[in-house]
Visitor: 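Take a look at the following structure, please.
Sequential numbering from 1 along the given sequence is applied to the chain's residues. For the numbers below, each heavy atom of this structure counts, side chains included, while hydrogens, waters and symmetry mates do not.
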Amino acid sequence: MAEPGALGRGRGHPGGRCAVGSAVAHERIVRRAEVNVRRAAHADRDLLKAIADGDRPLESWVAISLDVPTLVVDTNDGYAPGVEEIVSFAGQPAASSAG
């Protein structure tokens with residue numbers, strides 16, 4: 001899995017992370033770089049060059065680690081788990097910080 005899409009809302013709240021295979025991630029980076037001028041701040045073209053040059057393989061990406069329950073959502077083709085489960089997970093109450 002390669003492409004991040006962090007959705008965490010802070011300590012004690014559930015978070016989410018989208019994950020896709022490297023080929024899908026590359027395709028999405030290319031598409032966003034071509035069609036969304038606001039993506040310039042993300043240096044997608046530099047990232048694509050680094051990937052092509054072998055300096056930054058997509059497989060080297062590491063997800064951030066947060067001290068919150070996290071749901072990983074496979075977005076290769078739709079959403080797995082589905083939207084209802086994602087919404088249910090996101091609606092979980094905050095964990096108690098007492099302890």
Side-chain angles (χ1 to χ4, degrees):
M1 301 290 167
E3 185 181 353
L7 303 174
R9 291 184 281 164
R11 185 173 182 86
H13 293 274
R17 180 173 55 84
C18 297
V20 297
S22 297
V24 173
H26 188 271
E27 174 188 315
R28 289 178 183 175
I29 294 167
V30 169
R31 184 178 51 224
R32 285 187 277 235
E34 291 174 348
V35 300
N36 190 341
V37 295
R38 290 183 222 137
R39 293 282 309 173
H42 294 276
D44 289 332
R45 297 213 183 274
D46 293 338
L47 173 58
L48 290 168
K49 181 175 182 337
I51 292 167
D53 292 346
D55 295 331
R56 189 165 177 197
L58 284 170
E59 296 80 9
S60 68
W61 179 82
V62 177
I64 61 170
S65 177
L66 299 173
D67 187 22
V68 297
T70 302
L71 179 68
V72 177
V73 180
D74 180 329
T75 62
N76 278 291
D77 183 23
Y79 299 101
V83 173
E84 285 184 23
E85 189 173 339
I86 295 167
V87 170
S88 174
F89 179 83
Q92 292 178 7
S96 172
S97 61

Visitor: Identify the two heavy atoms, one from R56 and one from I51, that lie closest to each other, and give their separation to 0.1 Å.
Guide: O-CG1, 3.2 Å

Visitor: Got V20 and E27 here, is their nearest side-chain heavy-atom distance under 4.5 Å?
Guide: no

Visitor: Heavy atoms only: give me the nearest V68-G15 pair and the separation to one decimal.
Guide: CG2-N, 4.2 Å

Visitor: Show which side-chain atoms of residues 35-42 pair as donor or acceptor with protein atoms under 3.5 Å away, not counting sequence neighbours.
Guide:
from: N36; atom 1: OD1; to: R38; atom 2: N; distance (Å): 3.0
from: R39; atom 1: NE; to: D44; atom 2: OD2; distance (Å): 3.0
from: R39; atom 1: NH2; to: D44; atom 2: OD1; distance (Å): 3.2
from: R39; atom 1: NH2; to: D44; atom 2: OD2; distance (Å): 3.3

Visitor: Compare every heavy atom of R45 with every heavy atom of E34, then report the nearest pair and how far apart it is.
Guide: CA-NH2, 4.0 Å

Visitor: Nearest 0.5 Å, what's the NE2-CG distance between H26 and L47?
Guide: 8.0 Å

Visitor: When rounded to the nearest 0.5 angstrom, what is the spacing between OH in Y79 and SG in C18?
Guide: 7.0 Å

Visitor: Check this for me: D77, atom CG, are more than 12 non-hydrogen atoms of other residues, nucleotides or ligands nearer than 6.0 Å?
Guide: no

Visitor: If hydrophobic clusters are built from ILVMFWY residues whose side chains come within less than 4.5 Å, do L58 and V62 share one?
Guide: no

Visitor: Please check: side-chain N/O of N76 versus main-chain N/O of G21, any donor-acceptor pairing under 3.5 Å?
Guide: yes

